[in-house]
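A, B, ... follow the sequence lines: proteins, then strands. Residue 1 opens every chain.
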Amino acid sequence: MSQRIKIKALLQSGETGIDVTVKGWVRAFRQNRFIALNDGSTNATLQIVVDFENTDPTLLKSITVGAAISVTGKLAASLGQGQTVEVIASTIEVLGDCDPDKYPLQLKNRPSLEYLREIAHLRFRTNTFGAIFRVRNTLSFAIHKFFNEKGFVYLHTPVITASDAEGAGEAFHVTNFDLANVPRTESGEVDYSKDFFGRSTNLTVSGQLEGELGAMALSDIYTFGPTFRAENSNTTRHLAEFWMIEPEMAFYELKDNADLAEELLKYVISYALEQNQEDLQFLNQRLLDEEKQKPQNERSELALLDKLQFCLANDFERLTYTEAIEILRESTPNKKKKFQFPVEGWGTDLQSEHERYLVEKHFKKPVILTDYPKEIKSFYMRQNDDGKTVAAMDILFPGIGEIVGGSQREERLDKLETRMDELGIPKDELWWYLDTRRFGSCPHAGFGLGFERLVLFVTGMGNIRDVIPFPRFPKNAEF
RNA sequence: UCCUGAGUAGCUCAGCCGGUUAGAGCAUCUGACUGUUAAUCAGAGGGUCGCUGGUUCGAGCCCAGCCUCAGGAGCCA
């Protein structure tokens, strides 16, 4: 038996007349003669031609949709129209059969994305999810490639952390306690000194603070790992467990930070366009078909591939929060009172509808908003000279909203401590963070890029739960 | 968590004004056909109408509560 070849490689070589062995899962078996075989290397199927008159009927019976099979035979130019080559099978072995009566994934039924989410363990076997997870893989690799080429150090920050002082949302507790019998102090409070770590711990909500520690010695670092938020968020762009990329760079100021983020996003999108042409073409078509169902005015102006190309070809629009407020205040929907939250004063946070107006209607391209009021941003962001704003930066993408959130960090100890006091952030718990400002502090900056939001944008999918293999969200931790 | 909508066969859905035996397409099974490619043709099986309670002579349909899902909002990446 010849060595197994993946279908993608086989279709690329185009060589006929050779003996090949292919293994994969049956997508369709027509007329007792034609198997459409898929092995996940590509969405394309390989046609296997079966000599059914000289094949054991029991074997034929067990070639059903979903079954795993191994086929050896000769690769030949196809007699049919739908494909260039096909395999004339000499031996077929069913490695794992698949009872069609019980198999929950019958592709001809056009299962909905919602249904496939309920069978997430099997949805990889569909064209849509095959394409999504190959693209996700490419984007993940591209991120490492980008930072590696720039000499960044990939730093593994802890998943379990002791401090919940960052204010980045609700954290999941990590404990070894028997929850039915939690140790208490004399005054009746939970006695964390008896817990595994001897203190209260939780899953990380961000690797940033630890990332900064690395950057203050290694210069440029990035993290890329899972992050956890115990927020009761039920939206198409939030997960309880998601992956985040957090670079942190010494001697970077806000503009350098924004430059890097824009370069990174363009790099990885461009890399995916190169590496996953077929998958993106498929997702492009999928979206077009889906939008045919919608009324004209709800359809997107650009098809997926055009949108990605457009994103690469144009500079992201950069403006300050203050400038954005002016634009919004003067905007037609604001004057005609079309906004649910009218834009009046300076100082309040932008609502989704405002962000969407800026990105999708006014500029029609990605937008980098900078210099937000300090009241609506985190304690660690560098205070600007105006005394009102901080050197923050959000990147807003069409259809996604905030994809990047970052800032130049406050490197001046006195300013940082004052701000922490104002916000009631316990300085003693973050003594190690403050130490970097005591010993050789320097300007530095960084940002967080939501990986799933990036995958959402590149694949054109509408729900973040469909771009991570096994989504975790309120009331769901199946698989 | 809030607002809106939905839950009927394995999947996607229809089900009139509350009325007698709840339907279709696909899937599945049986048979036919055998260069098909969303194969085709003929037939068959398949239902706790999300759950609980209520109104009614009678509830898939009306009411209440709950569960789950979807879309939007908030929190954010």
Whole angstrom is fine here: how far is it from [atom1] in [X] over to [atom2] in [N]?
X	N	atom1	atom2	answer
A:Asp99	B:A27	CG	C1'	13 Å
A:Tyr115	B:C13	OH	P	13 Å
A:Glu231	B:C76	CD	P	7 Å
A:Phe339	B:G72	CZ	C1'	16 Å
A:Phe451	B:C76	CZ	C1'	18 Å

Looking for any heavy atom pair under 4.0 Å, which part of the strands does [X] touch: base, sugar-phosphate only, or nothing?
X	value
A:Thr236	sugar-phosphate
A:Ile245	nothing
A:Gly80	base
A:Glu86	base
A:Ile403	sugar-phosphate
A:Pro104	nothing
A:Thr235	base

Which nucleotide in the list B:G72, B:U28, B:G35 gets nearest to the side chain of A:Pro100?
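My answer, after comparing the listed nucleotides, is B:U28.
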
Counting side-chain heavy atoms from CB outward, which of B:C11, B:U36, B:A77 is closest to A:Leu239?
B:A77

Output one letter per nucleotide in nucleotides 44-52 of chain B: B when a protein non-hydrogen atom lies under 4.0 Å from the base, S when only the sugar-phosphate is that close, - when neither is.
---------

Set of salt bridge (charged side-chain N to carboxylate O under 4.0 Å, His left out) partners for A:Arg356, sequence neighbours left out:
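Checked A:Arg356 against salt bridge (charged side-chain N to carboxylate O under 4.0 Å, His left out); zero matches.
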
Kindly write out the residues that satisfy salt bridge (charged side-chain N to carboxylate O under 4.0 Å, His left out) with A:Glu118, not counting sequence neighbours, or none if the list is empty.
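Expected list: none.
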
SB check [X] [Y] (cutoff 4.0 Å):
X	Y	result
A:Asp259	A:Arg318	yes
A:Lys150	A:Glu263	yes
A:Asp466	A:Arg117	yes
A:Glu402	A:Arg453	no

Looking at the base of B:G72, is there any donor atom on it, or on the side chain of A:Glu353, that sits under 3.5 Å from an acceptor on the other one?
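Donor-acceptor pair under 3.5 Å: no.
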
If you take atom types as modelled and just measure distance, does the side chain of A:Gln81 reach the base of B:U37 with a donor-acceptor pair under 3.5 Å?
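There is none.
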
Return no unless some side-chain N or O of [X] is found under 4.0 Å from OP1 or OP2 of [N].
X	N	result
A:Ser233	B:C76	no
A:Arg123	B:C11	no
A:Arg229	B:G74	no
A:Gln351	B:G74	yes
A:Asn463	B:G71	yes
A:Ser352	B:G74	yes

Grab the N/O contacts between the protein and nucleotides 38-41 of chain B below 3.5 Å, and write none if there aren't any.
residue: B:A39; atom: OP1; partner: A:Lys108; partner atom: NZ; Å: 2.1
residue: B:A39; atom: OP2; partner: A:Arg30; partner atom: NH1; Å: 2.8
residue: B:A39; atom: N1; partner: A:Gln31; partner atom: NE2; Å: 3.2

Strand-adjacent residues in residues 261-268 of chain A, judged by heavy atoms under 4.0 Å from RNA chain B:
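Those residues whose heavy atoms fall under 4.0 Å from RNA chain B, taken from residues 261-268 of chain A, amount to none.
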
Using a heavy-atom distance cut-off of less than 4.0 Å, which residues of residues 51-68 of chain A contact RNA chain B?
A:Phe52, A:Lys61

Which class fits the ring pair A:Phe172 and A:Phe228: parallel under 30°, tilted 30 to 60°, perpendicular over 60°?
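Answer is perpendicular, since the angle exceeds 60°.
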
Once the angle between the rings of A:Phe147 and A:Phe152 is folded into 0 to 90°, is it parallel (under 30°), tilted (30 to 60°) or perpendicular (over 60°)?
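The rings of A:Phe147 and A:Phe152 sit tilted, inter-plane angle from 30° to 60°.
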
Dot-bracket for RNA chain B: what is it, with Watson-Crick or G-U pairs under 3.5 Å, [ ] where a pair crosses earlier ones, and | for a pair to another strand?
(((((((..((((.....[...)))).(((((.......))))).....(((((..]....))))))))))))....

Close N/O contacts between protein and nucleotides 67-69 of chain B (under 3.5 Å):
none

Can you work out whether A:Asn232 or A:Lys377 has the more 5'-proximal nearest nucleotide on RNA chain B?
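Its nucleotide being nearer the 5' end, the pick is A:Asn232.
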
For A:Ser78 and for A:Pro111, locate the closest nucleotide of RNA chain B by heavy-atom distance; then report the residue assigned to the nucleotide nearer the 5' terminus.
A:Pro111

In whole angstrom, give me the gap between the C1' atoms of B:C16 and B:C61.
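It comes out at 10 Å once rounded to the nearest Å.
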
What interatomic distance, in whole Å, is found between C1' of B:C62 and the corresponding atom of B:G46?
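Those two atoms are separated by 30 Å.
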
Between [atom1] of [X] and [atom2] of [Y], what distance do you get to the nearest 0.5 Å?
X	Y	atom1	atom2	answer
A:Glu478	A:Arg472	CD	CZ	8.5 Å
A:Ile5	A:Ser41	CD1	OG	9.5 Å
A:Thr84	A:Gln47	OG1	CD	11.0 Å
A:Met461	A:Thr128	CE	OG1	6.5 Å
A:Met244	A:Gln208	CE	CD	8.5 Å

Would you check if A:Phe34 stacks with the base of B:G35, given a 5.5 Å centroid limit and a 30° plane limit, both strict?
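No, the aromatic ring of A:Phe34 does not stack with the base.
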
Restricting to pairs with a member in residues 103-113 of chain A, which pass salt bridge (Lys or Arg N to Asp or Glu O under 4.0 Å), not counting sequence neighbours?
none

Set of residues satisfying side-chain hydrogen bond (donor to acceptor under 3.5 Å, both in side chains) with respect to [X], sequence neighbours excluded:
X	answer
A:Asp256	none
A:Asp56	A:Thr58
A:Tyr115	none

Among A:Arg409, A:Glu212, A:Gln408, which residue satisfies the side chain to side chain donor-acceptor pair (under 3.5 Å) criterion with A:His444?
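Result: among A:Arg409, A:Glu212, A:Gln408, A:Glu212 is the only option passing the side chain to side chain donor-acceptor pair (under 3.5 Å) with A:His444.
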
State yes or no: are the ring centers of A:Phe397 and A:Phe316 separated by less than 6.0 Å?
yes

Run the side chain to side chain contact (heavy atoms under 4.5 Å, CB included) check on A:Thr64 and A:Asp97 step by step: do they pass?
CA-CA 7 Å; A:Thr64 58; A:Asp97 60 11; 5.6 Å; no

With a 6.0 Å cut-off (strictly less than), is the heavy-atom count around NZ of A:Lys266, excluding the residue itself, greater than 12?
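Yes, because the 6.0 Å sphere around NZ of A:Lys266 holds more than 12 heavy atoms from other groups.
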
